[in-house]
There are 2 protein chains.
Amino acid sequence: MGKKLIEVCEIQCIHEEDVKVAKDNMLNDNTINELTEFFKVFGDATRIKILHALFQTEMCVCDIAAVLEMNQSAISHQLRVLKSARLVKFRREGKVIYYSLDDNHVIDVLQQGLAHVKHR
Amino acid sequence: MGKKLIEVCEIQCIHEEDVKVAKDNMLNDNTINELTEFFKVFGDATRIKILHALFQTEMCVCDIAAVLEMNQSAISHQLRVLKSARLVKFRREGKVIYYSLDDNHVIDVLQQGLAHVKHR
DNA sequence: TATACATATGAATAACTGTTCATATGTATT
DNA sequence: AATACATATGAACAGTTATTCATATGTATA
């Protein structure tokens with residue numbers, strides 16, 4: 001009989017009512033995932049730089065690469081991420097593809113982030 | 001003399017003026033880093049859930065673990081991230097530590113993200 | 001001061017992500 | 001058709017990150 005008790009449930013301290021309310025109000029999985037995917041896109045320096053550059057004018061891939069001083073492939077990969085998050089759109093003109101911001105929220109979100117950063 | 005030319009610069013297509021302007025207006029590295037760190041915090045489902053839960057009421061670690069149905073350690077680790085990003089604050093009451101939202105921006109940012117997600 | 005409980009933390013691991021390299025695709029020009 | 005250029009893409013690799021497990025710390029209570 002030297003055995004320890006079987007662990008039934010590690011959680012002991014619970015404010016039942018609060019937990020219940022919070023659980024009931026939980027965002028559904030889809031919303032959570034879309035939300036985190038949305039923010040993830042902003043959580044990378046390269047992508048922020050691209051968005052910020054496009055905030056000023058549309059640009060082709062080469063231009064963006066030149067601005068960020070990174071190679072074309074890296075930019076292209078990141079543009080794909082931004083594209084599938086619908087944050088940028090593009091138009092073709094001959095060989096050149098011009099990218100620009102797709103969504104008005106982008107600017108707001110960036111600006112809000114900047115405000116946050118600067119207030120500290 | 002069968003050698004290829006030495007690669008001088010891979011970038012060929014440049015709209016010089018646009019690139020110059022964008023380069024001049026680039027955010028400085030510090031701002032970029034703080035900004036991406038800020039957004040990175042929102043780019044994780046667990047942390048979003050925690051923030052959303054705390055949006056309703058302050059809660060202790062155990063409560064949060066119960067709400068998210070995750071173990072205490074995982075929550076604790078994520079609370080550390082949120083704490084160092086100054087998105088949550090805490091107060092001690094005996095053994096129990098209550099966490100709550102620290103920053104008004106948090107709610108705004110979350111709400112904006114939600115608005116974005118729902119408009120698609 | 002011994003025990004129980006709430007929380008924190010370090011190490012290990014598995015999964016994910018960004019960049020690079022090589023190469024493919026698509027478009028214009030000769 | 002052949003060439004050049006702008007962009008895209010797949011594979012590989014390195015670095016990062018979230019979770020788990022085991023354990024430590026801190027606080028109350030018997």
Side-chain angles (χ1 to χ4, degrees), chain A residues 4-5 7-15 18-19 32-33 36-37 39-50 58-85 88-100, chain B residues 4-5 7-15 18-19 32-33 36-37 39-50 58-85 88-100:
Chain A
K4 281 194 174 175
L5 281 175
E7 190 101 16
V8 175
C9 173
E10 65 169 315
I11 293 164
Q12 333 238 7
C13 141
I14 293 194
H15 301 75
D18 288 346
V19 170
I32 290 282
N33 289 336
T36 59
E37 290 312 309
F39 284 122
K40 241 179 237 178
V41 179
F42 293 91
D44 175 78
T46 301
R47 288 191 292 267
I48 290 277
K49 286 180 197 165
I50 294 176
E58 71 170 5
M59 276 196 266
C60 71
V61 180
C62 269
D63 288 348
I64 299 171
V67 172
L68 305 207
E69 292 176 6
M70 291 177 65
N71 72 47
Q72 175 268 322
S73 179
I75 301 299
S76 215
H77 279 297
Q78 295 303 350
L79 282 171
R80 186 159 49 85
V81 176
L82 293 170
K83 219 160 40 184
S84 64
V88 302
K89 59 178 190 278
F90 62 96
R91 68 182 179 86
R92 168 157 238 148
E93 198 168 287
K95 288 184 287 193
V96 181
I97 297 181
Y98 291 94
Y99 281 87
S100 57
Chain B
K4 281 195 175 175
L5 282 175
E7 189 102 15
V8 175
C9 174
E10 65 168 317
I11 295 163
Q12 331 238 9
C13 143
I14 293 192
H15 301 75
D18 288 347
V19 170
I32 290 283
N33 289 335
T36 60
E37 290 312 309
F39 284 121
K40 243 179 238 178
V41 179
F42 291 91
D44 175 80
T46 302
R47 288 191 293 266
I48 290 276
K49 288 179 195 164
I50 295 176
E58 70 170 7
M59 277 196 264
C60 72
V61 180
C62 271
D63 289 348
I64 300 171
V67 172
L68 304 208
E69 293 175 7
M70 291 177 66
N71 72 46
Q72 174 270 321
S73 180
I75 303 298
S76 216
H77 279 296
Q78 294 302 351
L79 283 170
R80 187 158 48 84
V81 175
L82 293 169
K83 218 159 44 184
S84 64
V88 303
K89 60 181 192 275
F90 62 95
R91 69 183 179 84
R92 168 157 238 147
E93 199 171 283
K95 286 184 287 193
V96 182
I97 297 181
Y98 293 94
Y99 280 87
S100 57

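First the proteins, then the strands, lettered A, B, ... as listed; each starts at 1.
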The side chain of A/K40 is closest to which nucleotide in this list: D/dT7, C/dT17, C/dT7?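 Selected nucleotide: C/dT17.
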
Side chains of A/F39 and B/R47 in contact at under 4.5 Å (non-hydrogen atoms): no

Using whole Å, what does the distance between atom [atom2] of nucleotide [N] and atom [atom1] of [X] come to?
{"X": "B/L68", "N": "D/dA18", "atom1": "CG", "atom2": "P", "result": "14 Å"}
{"X": "A/L79", "N": "D/dA6", "atom1": "CG", "atom2": "C1'", "result": "13 Å"}
{"X": "B/R80", "N": "D/dT17", "atom1": "CZ", "atom2": "P", "result": "12 Å"}
{"X": "B/I14", "N": "D/dC5", "atom1": "CD1", "atom2": "P", "result": "14 Å"}
{"X": "B/L82", "N": "D/dA18", "atom1": "CG", "atom2": "P", "result": "10 Å"}
{"X": "A/R91", "N": "D/dA6", "atom1": "CZ", "atom2": "C1'", "result": "14 Å"}
{"X": "A/M59", "N": "D/dT7", "atom1": "CE", "atom2": "P", "result": "12 Å"}
{"X": "B/E69", "N": "D/dA18", "atom1": "CD", "atom2": "P", "result": "21 Å"}

Residue whose nearest DNA chain C nucleotide is more 5′ - A/Q78 or B/F90: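 The answer here is B/F90.
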
DNA chain C nearest-nucleotide lookup for A/T46 and B/Y99: closer to the 5′ end is B/Y99

Test item: A/R80 side-chain N/O and A/L82 main-chain N/O as donor-acceptor pair under 3.5 Å: no

Looking at [atom1] of [X] and [atom2] of [Y], how far apart are the two atoms once the value is rounded to the nearest 0.5 Å?
{"X": "A/L68", "Y": "A/I75", "atom1": "CG", "atom2": "CD1", "answer": "4.5 Å"}
{"X": "A/Q72", "Y": "A/H77", "atom1": "CD", "atom2": "NE2", "answer": "8.5 Å"}
{"X": "A/I64", "Y": "A/L79", "atom1": "CD1", "atom2": "CG", "answer": "5.0 Å"}

Do the ring planes of A/F90 and A/Y99 sit parallel (below 30°), tilted (30 to 60°) or perpendicular (above 60°)? tilted

Would you mind building the protein contact string for nucleotides 20-30 of chain D? One character per nucleotide, 5' to 3', B for base within reach (heavy atoms under 4.0 Å), S for sugar-phosphate only, - for untouched. BBB---BBS--

